[in-house]
Each structure stands twice: as C-alpha cells, then as structure tokens.
Amino acid sequence: MQQHLTIFDPFEGMRFGNRICFLCGTLITEDQQTPVFPAWLMEEYGLTQEPLRLLDQSVTTYQELQIPCCRRCQTSHLQPLEEKVQQALAGGVAGLRALDEKLLFQWLGKMFYGTLITELIKEQNPLVQPEYAVSEQPKMLMKFQAFFRVLQSIRVPMVFPDFLPCSLFIVNVDVSAEPSRFEFRDELSTMMFSLRLDNALLVCCLLDNGMIKQAMRRVWEQVEPRQLQPIQAAEFSARVFYAAYLLNVIPDYLIRHPKPEDNHLVMDTLIDDVTNVIFNPWQNSSYAKLLATVWAKWGITQEDILRDPQEPMSMLFTPEGEFIEFPEIPLK
C-alpha cells in the first residue's frame, strides 16, 4: 500500500501522548500543538478565555484545550478543512447545508476526538485517577477505534461508497428570540456533538452510518425547511441525543483491498451483530429527563413534560402530529 494511504491506529497499544501527532502518529516535539476548537471560531465567538469542563471535572479554557499535531497535518490537512468550513459558515445555514457533509463530519469529528484524546492522555498519568476511565471500557474503545478509522479521511483520501459514518442535522434557529451566539455540547458515550453558531445549530451523531437520520426522517422533513424557535431547536436536539442513547449497534469499517494504482481507500461498513435490534425501546420518562435538562432555561421541569405520561409535552408537534408554528411557552 502506498505510504499516503496508510492508516494510523493509536488504539493498538494505546499510543497516545503529547509527542505523538493525533492524526498520523508521527513523533513530534511537545510544542507542536493545534487547538481543538479552531482559532477562527474562538475569535469569532469570543471563546478564548471561556471555561470548559472536561470529563474528569477539571476546568480548562477553549484556548488551552490543545492536542498534539505535526506541522504537516496542520498545514496540509487541518488548515484547508478549517478554511472550507469558515467560508461556508459565512453563508449561514444555506452555506453550511451546501458544504459536503463529509467535510462537516471531519470538522465536528476532529473537535470531538480532540476532547477524547485529551482524556486518554490524562489517564496515562499515574497520578490521575478518573472516576470512569475511558481506557478501561472495552466497548467504548471499540467505538472510538472504529470512529477514528473513518476520521482518518481528513488525512488519507477515502471514499464511503454508499454511506456516511454520521447522522448530521443543520437546523435553522430564529436568533432574534435568543441572544446567545454559541453553544456547545458533547457526549462521549453516545458520540454526540452539537454546536450552535448564530442561527445554525449543528447536531451530529458521529458513529451511526445515518441510522438516526433515517429513523427520524419524518420529523426532519418537517423541521428542515423551517426556522425553529430556540425552545423548538432544543427539543429537536434532545430527540437526536436520546435516539443516540437508544442506538444499540456499533458500525465497523473495513478497508477494501487497494490496487497498486489506487490513489484513495474505499471503506466498507458492517454491523458486528446483525441479530441485535437497532434501537432499544423509547421510554417517555427517560426522554423527559433529558428534555428537561435542555428546557431548564425556560423553567420547564420533567414533571411539566410528563403531565400526560403517554404524550410528553412538545413544542414541535401537536398530539395530532401537526407542526406548531408559534409555540406557547408555559408561564410559571
């Protein structure tokens, strides 16, 4: 196989550290770092000194959150990706939706993976004793290993012939009703990542081969062409996060045997255990608990959401399934 088509797998032997490029595995000096959240994004949204809480409950800032990266990967792969996303974002929701979804998967995936390997590098310190060590959870590591195999498409020319590794939603939000310009949320166990950038809300499950988007297609058909109120966007995001929690299968990826003349890899996918149900059963009580966390700013509690236990409160749809154009937020 040609050298530029070689996949790096840091999960074999747990090769994580401040002297190993996160993307290609090259040995580097400790000063070769790249910010997890790109400089242009931090500058645009005033994030540089904003606090960020990590899994071990330690607090850092967006600017301080950096990962090891060689100069070649930085200049040849990450910088061009950042420039394409920055240019697309200048066009708002329409600009982001016009961008190749594979590029947005890579961009969001790099930020997700950056927070992950920050945890893995910390766990290698014998003085650090996290309550739930990621490196000691085999099923989680298997998911991250599969994810990083396709994230290598940032560096290695790679084709996904009939799938995209993720489910990506770009929601149009009415910013006049909500002054906040930036919101960020991730969840390692479900591989969920969401960003609010002005009127664009990006919600992504990074490892499901589009199964969540397929399962939510009827909801998304109603949501995609509309501009949502912030409380509606929060509900939609909660639905995606909960669907990721219910997802019961882990995709795996195999490299199709390359020919000597190939200039890219073709990646095939499979589900390890096809006997499993794809999604566990929906439970209104669990969903309401999650929804209450994102609706807390409007003063809506889990008890409010479950006034009718069979029909949780919704700001998106009436009990008959009709889209709510102007939701009424209950007053306390």
Side-chain angles (χ1 to χ4, degrees), residues 92-94 96-97 101 104 166-187 190 192-205 208 210-248 277-332:
V93 171
L96 289 172
R97 287 179 174 174
E101 282 193 345
L104 282 173
C166 69
S167 284
L168 174 65
F169 304 90
I170 303 171
V171 182
N172 189 352
V173 185
D174 181 2
V175 290
S176 66
E178 173 62 70
S180 133
R181 296 189 61 209
F182 178 88
E183 293 174 0
F184 157 63
R185 182 181 175 198
D186 70 341
E187 194 174 84
T190 56
M192 283 296 305
F193 195 94
S194 71
L195 278 182
R196 162 85 180 278
L197 306 170
D198 293 310
N199 69 326
L201 171 65
L202 291 84
V203 186
C204 188
C205 180
D208 76 328
M211 287 182 278
I212 290 175
K213 197 164 191 176
Q214 176 64 19
M216 293 185 62
R217 65 189 183 282
R218 292 183 181 175
V219 172
W220 182 233
E221 284 169 2
Q222 293 284 322
V223 167
E224 185 179 19
R226 292 180 161 92
Q227 184 178 69
L228 300 190
Q229 296 302 302
I231 195 169
Q232 293 178 308
E235 177 183 336
F236 180 79
S237 178
R239 287 175 182 237
V240 181
F241 270 77
Y242 186 61
Y245 171 74
L246 297 179
L247 188 65
N248 196 41
V277 293
I278 294 177
F279 291 97
N280 289 321
W282 180 286
Q283 295 183 335
N284 284 343
S285 58
S286 299
Y287 166 66
K289 184 176 181 180
L290 190 156
L291 181 58
T293 63
V294 299
W295 273 0
K297 67 165 78 174
W298 289 280
I300 300 174
T301 66
Q302 184 175 351
E303 290 72 24
D304 296 327
I305 295 166
L306 288 176
R307 289 269 166 80
D308 179 351
Q310 304 305 315
E311 191 68 49
M313 180 189 294
S314 174
M315 295 290 165
L316 283 170
F317 301 104
T318 66
E320 295 72 37
E322 296 295 319
F323 185 83
I324 301 171
E325 297 291 347
F326 302 104
E328 292 184 15
I329 302 171
L331 299 174
K332 292 292 182 183

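What you see is a predicted model, and the numbers here were worked out from it, not measured in a lab.
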Nearest-0.5 Å distance that lies between atom [atom1] in [X] and atom [atom2] in [Y]:
X: Ser237; Y: Arg185; atom1: OG; atom2: CZ; result: 5.5 Å
X: Leu228; Y: Leu201; atom1: CG; atom2: CG; result: 8.5 Å
X: Phe169; Y: Cys205; atom1: CZ; atom2: SG; result: 9.0 Å
X: Ser285; Y: Leu290; atom1: OG; atom2: CG; result: 11.5 Å

Where at least one partner belongs to residues 278-293, residue pairs that pass salt bridge (charged side-chain N to carboxylate O under 4.0 Å, His left out), sequence neighbours excluded: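 Applying salt bridge (charged side-chain N to carboxylate O under 4.0 Å, His left out) to every pair that reaches into residues 278-293, excluding sequence neighbours, yields nothing.
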How close do [X] and [Y] get, heavy atom to heavy atom, and via which atoms?
X: Leu291; Y: Glu235; value: CD1-CA, 3.8 Å
X: Met315; Y: Ile329; value: CE-CA, 4.2 Å
X: Pro281; Y: Leu246; value: O-CD2, 3.6 Å
X: Ser180; Y: Glu183; value: OG-OE2, 3.3 Å
X: Pro312; Y: Leu306; value: CG-CD2, 4.3 Å
X: Leu197; Y: Leu202; value: CD1-CD1, 4.1 Å

Residue Glu328 excluded, over 12 heavy atoms near CD under 6.0 Å: no
Exceeds 12 heavy-atom contacts within 6.0 angstrom, atom OH of Tyr245: no
Residues forming a side chain to side chain donor-acceptor pair (under 3.5 Å) with Ser167, sequence neighbours excluded: Asp208
How are the rings of [X] and [Y] set relative to one another: parallel (under 30°), tilted (30 to 60°) or perpendicular (over 60°)?
X: Trp282; Y: Tyr242; answer: perpendicular
X: Phe317; Y: Phe323; answer: perpendicular
X: Phe184; Y: Phe193; answer: tilted

Option from Glu322, Gln222, Arg239, Gln229 for which side-chain contact (heavy atoms from CB on, under 4.5 Å) with Leu316 holds: Arg239
All N/O donor-acceptor pairs, side-chain side in residues 210-221, below 3.5 Å, sequence neighbours left out:
residue, atom, partner, partner atom, Å
Lys213, NZ, Glu101, OE2, 3.4
Lys213, NZ, Leu168, O, 2.7
Arg217, NH1, Gln214, O, 3.0

